[in-house]
Structure formats: C-alpha cells, structure tokens
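Proteins get letters first, then strands, A, B, ... in listed order; numbering begins at 1 in each.
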Amino acid sequence: MLDLKEYGIIMWDAEKIASFRRTLLDWYDREKRDLPWRRTKNPYYIWVSEIMLQQTQVQTVIPYYERFLDWFPSVRDLAEAPEEKLLKAWEGLGYYSRVRNMQKAAQQIMDDFDGQFPDTYENIAKLKGIGPYTAGAISSIAFDLPEPAVDGNVMRVMARLFEVNYDIGDPKNRKIFQAIMEILIDPNRPGDFNQALMDLGTDIESAKNPRPDESPIRFFCAAYLNGTYDKYPIKLPKKKPTPMQIQAFVIRNMKGEFLLEKNIEGRLLGGFWTFPIMETDFIGQQLSLFENDNYVLETVSQKAIFEKNYALKPDWTDNGFTPVKHTFSHQKWTIEMVEGSVKDDKLPTDKELCWVAAEDFDQFPMATPQKKMIKTYEDSKKG
DNA sequence: AATGCGTGGGG
DNA sequence: TCCCCAAGCAT
C-alpha cells in the first residue's frame, strides 16, 4: 500500500471521512443528472456508456448510446457485427479503436466467459479496451464493488482536496490518486460515490471556470480553505498538434461518381472512406535532378504523383475551393482540394478504391475531415 | 515513458 | 478565429 505521507498528503481521520462521504452523497442524491445509463445496472449498457464517455462529453454521447444499443442490443450482437456497421455506429465520435476493442472484448466475453459479463474487477480488466478507470467504473456501478474509478475529474477534485503537488497529466502519478480514493470511497455506495465525483468535476469543479463557492465539499477542500484553489490541479501543458498540409483529389467519372479510397487499417482513421489524399509538406517543392551534365531544378506536382499512383489521367479543373481545416489530437490539417474528371475510370488493384454516387455516400463510414470536404465541395457548387 | 489516436464545445 | 479542454487505453 502506497504511503501518502511520502507524497505530502495528510489523510483525514475516520470521522472526517464519514462526514465527507455523507456530504458528497447527500449532494448527489439531490443534484445527480438523469442520464440514460443511470437507469440500468445492466453491465453491458454500463460498459457501452463508459467506453463512449472516454474523452467524450455526455451531450455528445447520448444519441450515440441510444443508437448503439438499438443496433447491438446484446454482447452477442456486438461480437458478431460486421466491421462496416461498427464504424458507422461510431462515426463522428472519434478514437475509433474504442469500438474495435469493444468488439474484441465482446468476443472475449463469448469465448472466455460463456457469454456472461465478468463480475470481478480482475476479470473485467482482462477485456480489451478496459483499463483501470473503466474497470473501476463498471465494477462499482454495475456490481457494487468498492473500486475507485480514477479519471481526470477525480484527479482534479482530489488534487484540490489535498493540495496534491504532483502533475495529474503524468500517468505514473495516477497511483497517488488511486490510493486516496481507496481510502475515501464509500463501500456502501461505491458506484454513486464515483459518479458523484464525476458530476462534481464536470460542472462545479470543472477544469475551466470552476465555481468553488458552490461546491458541496468546499469545507473539506484544502485548496479552497487555504486560498490556493487556482494552483490545483498541477497539470503541464500538452504538446500542440503538428501542422500538416494535405492535398485531396476530388475525381469524378463520366457517370458523375466520385473516387473514394478506404484508409489502411491500423492507421489514422483506418477503415474509413475518403477522397484520395496526400501529404504535401514535402512535395510540390523543387527537386534537383541530374540531367545533361547539369543539375536542373524541377518542380514535382502533386497531380503528377496522383496520376502515377492511381493510374488515372484526369482533366484538371482548378477552382480554388476554400481550404478545409481539421484538428486531430496530434495533427492539424489544412486540406487543399483539387478537382478533376476522367473518361477512362479503370482503377488500379493495389488500393481499396471505388466509384460512388453522392447519394450513396451515407452507406460508407466517413470520418469528419471527409464530411467537411464533401460539404465544402457541395457548397462551392451551389454558391 | 512517450506517443498515437478524434471530436465538439466554450472562452 | 484560435486555443484549450474532456468520463483513457494500447503499444
């Protein structure tokens, strides 16, 4: 067991802990949000909600949650679903490995747990895509097990309660907050205790613009009482996303269909369909070639590279589309679109390519950058 | 241990 | 408009 004193944290006595639990749970009983996944103890439903809620806000999740359970009512349905339907169910939510891992976990439940959702922390934590936070959340909410669910909210609230001088963004410090929570958690209502802290951290004790005077636990909060509230939690700034210049090729055949390509699995937006794209940070620049005893500078165009890689000879119709901007967690794209049309639409076989009519776009899983490109293209044709 | 992996909302 | 942030996990 980790010794909190070594981290400069003075734990409360039993009476204060009991008082804290009562104060927090009384507030939760009055103020808790009525959310779809709070009307059930079905571990499958709880699991779906917890995976969707990873790094994703409640308001965004609700419609996805309802539709997901409609499409995949049971673990078995999820285990047997085709990949395309999985991606459609998650389209627009982001972090798509979440849903791939969920399907693997559903298959683990069918194969290793006889189709029954595991009911111990240890077995729940064996499932793909379930880490310490999610294992704690499911254990406590669905099975009433006294397991902490340490997420960003809990770390923030705990850091303020005890003036924890350790960076909450550093994974190795997670164990400090885990140790605090193992002592504080109410063994009689562990699920409510965990969710109360999340509700509190989401709104009143949020990261930006918190309202500490409204917190039901302010008189337990060292940072509040000592006037150091603004100093906690300690969190080092993240790295900024890398700017990247991208070229997209909007190519149509004689039927007016668009060329789409399926992204390679295991990479960014793997399995989703997009207009062919190319990173152009390093091309479109001048290359030196050795020719006739001299070096000559030659500008290699993206279009030439496209023609070679896709074995197509489009007639290019340049028409200055507004660049599409899209920021991922780690990359910041500026996408320039170019348009072309082909008479001969025979496609190479070394890539997953197909011609698709605009009215059939919704049958293909498409991520947000592609949706933005389609909108920009259509808007330019209208205006 | 550090990095890859999305997206939408709020200031 | 741009920047920061949010109910993490896998490798």
Checklist line | Short side-chain N/O contact from A:K240 to OP1 or OP2 of C:dC5, under 4.0 Å | finding: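 For C:dC5, OP1/OP2 do not have a side-chain N/O of A:K240 under 4.0 Å.
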Notebook entry, point to check: Has A:R156 got a side-chain N or O lying under 4.0 Å from the OP1 or OP2 atom of C:dC5?
Noted result: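 The answer is no; no side-chain N or O of A:R156 sits under 4.0 Å from OP1 or OP2.
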Note to self: Measuring from atom CD of A:Q195 to atom CE of A:M198, what distance do you get when rounded to the nearest 0.5 angstrom?
What the structure shows: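 Reported to 0.5 Å precision, the distance equals 6.5 Å.
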Whole-Å distance separating the [atom1] atom of [X] from the [atom2] atom of [N]:
{"X": "A:L200", "N": "C:dA6", "atom1": "CG", "atom2": "P", "value": "14 Å"}
{"X": "A:K172", "N": "B:dA2", "atom1": "NZ", "atom2": "P", "value": "7 Å"}
{"X": "A:M198", "N": "C:dC5", "atom1": "CE", "atom2": "P", "value": "21 Å"}
{"X": "A:L236", "N": "B:dA2", "atom1": "CG", "atom2": "C1'", "value": "14 Å"}
{"X": "A:K235", "N": "C:dG8", "atom1": "NZ", "atom2": "C1'", "value": "12 Å"}
{"X": "A:M102", "N": "C:dA10", "atom1": "CE", "atom2": "P", "value": "13 Å"}
{"X": "A:M155", "N": "C:dC5", "atom1": "CE", "atom2": "P", "value": "14 Å"}

Checklist line | Separation of the P atoms in C:dC9 and B:dG8, to the nearest angstrom | finding: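 Approximately 22 Å lies between the P atom of C:dC9 and that of B:dG8.
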Item checked: Polar side chain donor-acceptor pair, A:D26 to A:T23, under 3.5 angstrom -> no
Margin query: Quick one about A:W273 and A:Q363 (side-chain donor to acceptor, distance below 3.5 Å, no hydrogens or angles considered), yes or no?
Written below: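 Not at all, the side chains of A:Q363 and A:W273 share no donor-acceptor pair under 3.5 Å.
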Notebook entry, point to check: In chain order, what residues pass the salt bridge (charged side-chain N to carboxylate O under 4.0 Å, His left out) check against A:E336, with sequence neighbours excluded?
Noted result: none
Next item on the list: State which residues pass ring-ring contact (aromatic ring centres under 6.0 Å, His included) with A:F72; sequence neighbours excluded, sorted by chain then number.
Entry: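 Scan of A:F72 (ring-ring contact (aromatic ring centres under 6.0 Å, His included), adjacent residues dropped) gives A:F68.
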Margin query: Going by the rule side chain to side chain contact (heavy atoms under 4.5 Å, CB included), which residues pair with A:P36 if we only count those two or more places apart in sequence or in a different chain?
Written below: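 With neighbours one apart ignored, the set is A:I62, A:Y65, A:E66.
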Next item on the list: Using side chain to side chain contact (heavy atoms under 4.5 Å, CB included) as the criterion, list what pairs up with A:S341, not counting sequence neighbours.
Entry: A:D315
Next item on the list: Could you list by number each residue of residues 29-51 of chain A showing a heavy-atom separation from DNA chain C of less than 4.0 Å, or answer none if no residue does?
Entry: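 Hits under 4.0 Å, by residue number: A:R33, A:L35, A:W37, A:E50.
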Note to self: Short of 4.0 Å, heavy atom to strand atom, which residues of residues 120-133 of chain A count as contacting DNA chain C?
What the structure shows: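 Result for residues 120-133 of chain A: A:K128, A:G129, A:I130, A:G131, A:P132, A:Y133, sorted by number.
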Note to self: Through direct or indirect side-chain contacts below 4.5 angstrom among Ile, Leu, Val, Met, Phe, Trp and Tyr, which residues connect to A:L225?
What the structure shows: A:F219, A:Y224, A:Y229
Next item on the list: May I ask you to list the residues sharing a hydrophobic cluster with A:I10, side-chain cutoff 4.5 Å, ordered by chain and number?
Entry: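 None; A:I10 is a cluster of one.
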Next item on the list: Not counting sequence neighbours, list each pair that qualifies as a salt bridge (charged side-chain N to carboxylate O under 4.0 Å, His left out) and has a residue in residues 31-57 of chain A.
Entry: A:R33-A:D199, A:D34-A:R39, A:R38-A:D199, A:K41-A:D144
Check: Counting any heavy atom closer than 4.0 Å, what does A:V58 reach on the DNA or RNA strands: base, sugar-phosphate only, or nothing?
Finding: base
Notebook entry, point to check: A:K104 near the nucleic acid: base, sugar-phosphate alone, or nothing, with a heavy-atom cut-off under 4.0 Å?
Noted result: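 Nothing: the residue A:K104, judged by heavy atoms under 4.0 Å, touches no strand.
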Checklist line | Qualifying ring-ring contact (aromatic ring centres under 6.0 Å, His included) pairs with a residue from residues 117-160 of chain A, counting only residues at least two apart or across chains | finding: A:W47-A:F117
Next item on the list: Would you mind building the protein contact string for nucleotides 4-11 of chain B? One character per nucleotide, 5' to 3', B for base within reach (heavy atoms under 4.0 Å), S for sugar-phosphate only, - for untouched.
Entry: SBBBSBBS
Give every donor-acceptor pair under 3.5 Å between a side-chain atom in residues 248-266 of chain A and any protein atom, sequence neighbours left out.
residue : atom : partner : partner atom : Å
A:R252  : NE   : A:G256  : O            : 3.1
A:R252  : NH1  : A:Y377  : OH           : 3.1
A:R252  : NH2  : A:G256  : O            : 2.9
A:N253  : OD1  : A:K255  : N            : 3.0
A:N253  : OD1  : A:G256  : N            : 3.1
A:N253  : OD1  : A:E257  : N            : 2.9
A:N253  : ND2  : A:E257  : OE1          : 2.8
A:N253  : ND2  : A:D345  : OD2          : 3.0
A:E261  : OE1  : A:Y310  : OH           : 2.5
A:N263  : ND2  : A:L269  : O            : 3.0
A:N263  : ND2  : A:F272  : O            : 3.4
A:E265  : OE1  : A:R100  : NH1          : 3.2
A:E265  : OE1  : A:R100  : NH2          : 3.3

